[in-house]
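So the structure is just underneath, and the comments pick up after that.
Note that the structure is a prediction, hence the values are computed from the model and not measured.
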Amino acid sequence: MKFMKLGSNPDTFQDDGSEVRIVETELVSDITVRLGNTKFYLHKFPLLSKCARFQKLIPTTGDENIDIHIHDIPGGPKAFEICAKFCYGMVVTLNAYNVVAARCAAEYLEMNETVDKGNLIYKIDVFLSSSIFRSWKDSIIVLGTTKAHLPWSEDLKLVSHCIDSIASKASVDTSKVEWSYTYNRKKLSTENDLDMQWNGVKKQPSVPKDWWVEDLTDLDIDSYKQVISAIKTMGMVPKDAVGEAIKAYTYKKLPSLSKVSMIHGDGKVRAMLVTITCLLPSEKGSVSCSFLLKLLRATNLLKCGEMCRKELVKRIGRQLDEASVSDLLIPTVDGETTGYDIDMILSIVEEYVRQDNKNTQKHNAEVNGHVQAPSTSMITVAKVIDGYLTEVAKDPNTPVLKFINLAEAISGNSRPFHDGLYRAIDMYMKEHPSLSKSDKKKLCCLMDCKKLSPEACAHAVQNERLPLRTVVQVLYHEQTRASAAATVRADSICIGSYESSRSGATTNTEDEWDGVIGVEDLSLSSKTTKLEKCHNAEKSHGSSKSTANGKAKGGATPKKVLGKMLSSKALTGERSSSDSSDSAILRSQDHPKRTPSRSTKPSAAA
């Protein structure tokens, strides 16, 4: 820390312990200066030689003892004592902690050059410009002391000089940082590794780009706001470093922010959260989405205002794909029945979708007449929201309408697979056993059975909580999928049989082909003509028996499962009037297998 000593005479100020200051000298005191409860017994001549204000207060004639009351001197008795000692030529030590108070008091007492050359104001200004403002840490200390001396410190431009000094040093290239700074952050091991060696020579530690962050956390929120605003105005510091600084400051001042239960804040905490929100860089990614959601949780619990909430929702919406399910679990405020604020998350998702749609329009939403596939970001958000829905589904007080609205906020096209959505719906039905049949149908309409994985389908067909119509749809699409796979196999067999005819392969039997066609007939009768051609070729040229027979048996499994399920549901009386129509749909699909007509024409190969 920088310091400056003034004067050469020994310090003869005495404190008797009862707020009385006396100068030990042979001369009797002829003036008493009262500052509140503190009395200074001094002499007129030293004060008159340095202070213009005392020249106005002390009469030039008369030898009587003068009693002067001073109520509003900045810095109080301590600052006045420094000025009084300077008048007596006593040794005075100025440093970063007392220089602002002394400067403001000297200004109040008018200790300028018109009264005496080399007066206190001049000497302090030289000390500030040559030492304090050139020092990184001293500038921060001085700025922290200016608040106690407003408006004097601001009128004397001490505040602005400190801010300019700090901001300019924070904006300097890291290769030119030659002063000491505090850095105990986690990045130290990777960014400032003293043990790294190259060709046997130890590398010099590099200065991290956020070297200045930690020292600024000691400032009050008003001073911090001014410094960060100045740094942002200069535009030399990367935005992510500014965001990291704000994050570090927030956690230093509000350590409970990272906890689920927020502190019981007062007006000062609310004002601090609003200020921090306004300071955040506007660039996407300058702060993590997790930090933004913690801010939103705090501002929501402390009711910091609608403007603050909207700003955070907008910022979070731009980078929602970075969020995790745990980040989104924002508790509701007092008086709400639900455990989590679903409406808040819905507003975030709507903001994200709105911004994603704008970006899609800029990059041409359609290419060659086909709708563009969802972005990777949108797919990620859909997965996170499905996980969030699974968590809020465990709350018995979660309304079904809020659950549906949030699920619908993400389009079905954004979900390549609906397993996560199915898991959330199943969890909601499990935790809400009294759910009506109409609500169950609304929930099941959210998912697309065609986008369920085989594992999810296997679970769904045995899920007693699902409506029968949904189970029928799952089985139907499973059969369709199996039929499509069988068609591909049949095509490959057809091609293989044509190739094998040249080498005299054995002929397949009629029963084996009946099995394959039976699977196809369950859903896609239009494939018959194609299979007939393949079958005719097989009759003459043949193929492997075991392969076709084994695959045909696997295709009828969903039908058998449905039959068992229907009989089970019928016995237990679970089918409703609407479910009867579902079984009718099933019976219409369950037509007998057809065997394609066998051609008697000799094959072309024969």
Side-chain angles (χ1 to χ4, degrees), residues 1-4 74-75 79 94-107 112 120-183 207-246 248-249 252-253 272 275-276 278-283 286:
M1 180 186 296
K2 305 289 185 179
F3 66 91
M4 181 178 69
L94 296 177
N95 55 45
Y97 290 100
N98 62 13
V99 67
V100 171
R103 177 65 180 85
C104 294
E107 187 70 23
N112 48 51
L120 184 57
I121 290 178
Y122 171 77
K123 291 185 179 294
I124 291 179
D125 287 345
V126 171
F127 176 57
L128 287 171
S129 59
S130 62
S131 298
I132 295 296
F133 295 146
R134 293 188 179 185
S135 170
W136 165 251
K137 290 192 174 182
D138 284 348
S139 296
I140 296 174
I141 294 172
V142 169
L143 179 60
T145 64
T146 56
K147 189 173 183 179
H149 307 296
L150 293 174
W152 288 87
S153 58
E154 197 164 50
D155 294 340
L156 296 174
K157 301 192 182 302
L158 298 177
V159 175
S160 60
H161 286 318
C162 287
I163 292 172
D164 291 342
S165 173
I166 297 170
S168 61
K169 287 178 174 60
S171 302
V172 77
D173 189 272
T174 55
S175 62
K176 299 179 180 179
V177 176
E178 299 176 347
W179 46 83
S180 62
Y181 55 87
T182 305
Y183 197 85
V207 177
K209 62 182 180 181
D210 58 344
W211 63 267
W212 50 272
V213 167
E214 205 161 338
D215 285 322
L216 296 186
T217 57
D218 293 329
L219 294 173
D220 64 90
I221 185 61
D222 294 327
S223 299
Y224 188 78
K225 176 183 177 181
Q226 292 175 300
V227 171
I228 293 297
S229 298
I231 291 174
K232 291 167 66 176
T233 301
M234 290 182 177
M236 302 299 291
V237 177
K239 300 302 180 182
D240 58 338
V242 175
E244 189 64 24
I246 296 173
Y249 183 85
K252 175 75 176 290
K253 298 299 183 181
M272 181 181 295
T275 301
I276 288 171
C278 296
L279 283 177
L280 293 172
S282 58
E283 288 76 10
S286 56

If you define the side chain from C-beta out and look only at heavy atoms, does anything of I166 sit under 4.5 Å from L216?
yes
How many angstroms lie between NZ in K239 and CG in L280, if you round to the nearest 0.5 Å?
12.0 Å
Start with the C-alpha gap between L158 and V142, add the side-chain angles, then the distance that decides, and say whether side chain to side chain contact (heavy atoms under 4.5 Å, CB included) holds.
CA-CA 9 Å; L158 298 177; V142 169; 5.8 Å; no
What distance do I228 atom CD1 and S223 atom OG have between them, rounded to the nearest 0.5 Å?
11.5 Å
Minimal non-hydrogen separation, V242 against P281, with atom names:
CG1-CG, 3.8 Å
Any non-hydrogen side-chain atom of E107 less than 4.5 Å from a side-chain atom of L156?
yes
If we only count heavy atoms from C-beta on, is the V99 to N95 side-chain gap below 4.5 Å?
no
When the ring centroid of W211 is compared with that of W136, is the distance short of 6.0 Å?
yes
Where P74 and H149 come nearest, the two heavy atoms and their spacing
C-ND1, 4.5 Å
Flag side-chain contact, heavy atom, 4.5 Å: K252 against D218:
yes
Donor-acceptor side-chain pairing of S153 and T146 below 3.5 angstrom:
no
Please assess D210 against Y183 for the test side chain to side chain contact (heavy atoms under 4.5 Å, CB included), listing each intermediate value before the final yes or no.
CA-CA 9 Å; D210 58 344; Y183 197 85; 3.0 Å; yes
Determine whether I276 and I221 satisfy the following criterion, side chain to side chain contact (heavy atoms under 4.5 Å, CB included), listing intermediate values before the conclusion.
CA-CA 9 Å; I276 288 171; I221 185 61; 4.3 Å; yes
From OG (S160) to CD (Q226), nearest 0.5 Å:
9.5 Å
Note: K147 and D222 closest approach over all heavy atoms is NZ-OD2, 3.4 Å
Please work out whether the ring planes of Y249 and Y224 are parallel, tilted or perpendicular, with thresholds of 30° and 60°.
parallel
Contact between K169 and W212 at the side-chain level, heavy atoms closer than 4.5 Å - yes or no?
no
From D125 atom CG to S130 atom OG, the distance as rounded to the nearest 0.5 Å
10.5 Å
Between S286 and E283 (side chain of the first, backbone of the second, donor and acceptor by atom type, cut-off under 3.5 Å), is there such a pair?
yes
Count the heavy atoms belonging to other residues, nucleotides or ligands that lie under 6.0 Å from CE of M234, then report whether that count exceeds 12.
yes
Please find the pair of heavy atoms, one from A79 and one from A105, that lie closest to each other, and give the distance.
CB-CB, 3.7 Å
Closest approach of L94 and F127, non-hydrogen atoms and distance?
O-CZ, 3.8 Å
Might you confirm whether atom NZ of K2 has over 12 heavy atoms from other residues, nucleotides or ligands at distances under 6.0 Å?
no
Residues T182 and K137: side-chain donor-acceptor under 3.5 angstrom
yes
Donor-acceptor pair, side chain of D138 and main chain of A96, under 3.5 angstrom
no
Using distance alone, with no hydrogens and no angle criterion, decide if S229 and K225 have a side-chain donor and acceptor under 3.5 Å apart.
no
Heavy-atom pair of closest approach, residues V213 and A241:
CG2-O, 4.2 Å
Rounded at 0.5 Å granularity, tell me how far CD1 in I141 sits from OH in Y97.
3.5 Å
Does the S139 side chain pair with the main chain of I132, one donor and one acceptor, at a distance under 3.5 Å?
yes
To the nearest 0.5 Å, what is the distance between CE (M272) and OG1 (T275)?
8.0 Å
Decide yes or no for R103 and L120: does some side-chain heavy atom of the first lie under 4.5 Å from some side-chain heavy atom of the second?
no
Whether S131 side chain and L128 backbone form a donor-acceptor pair below 3.5 Å:
no
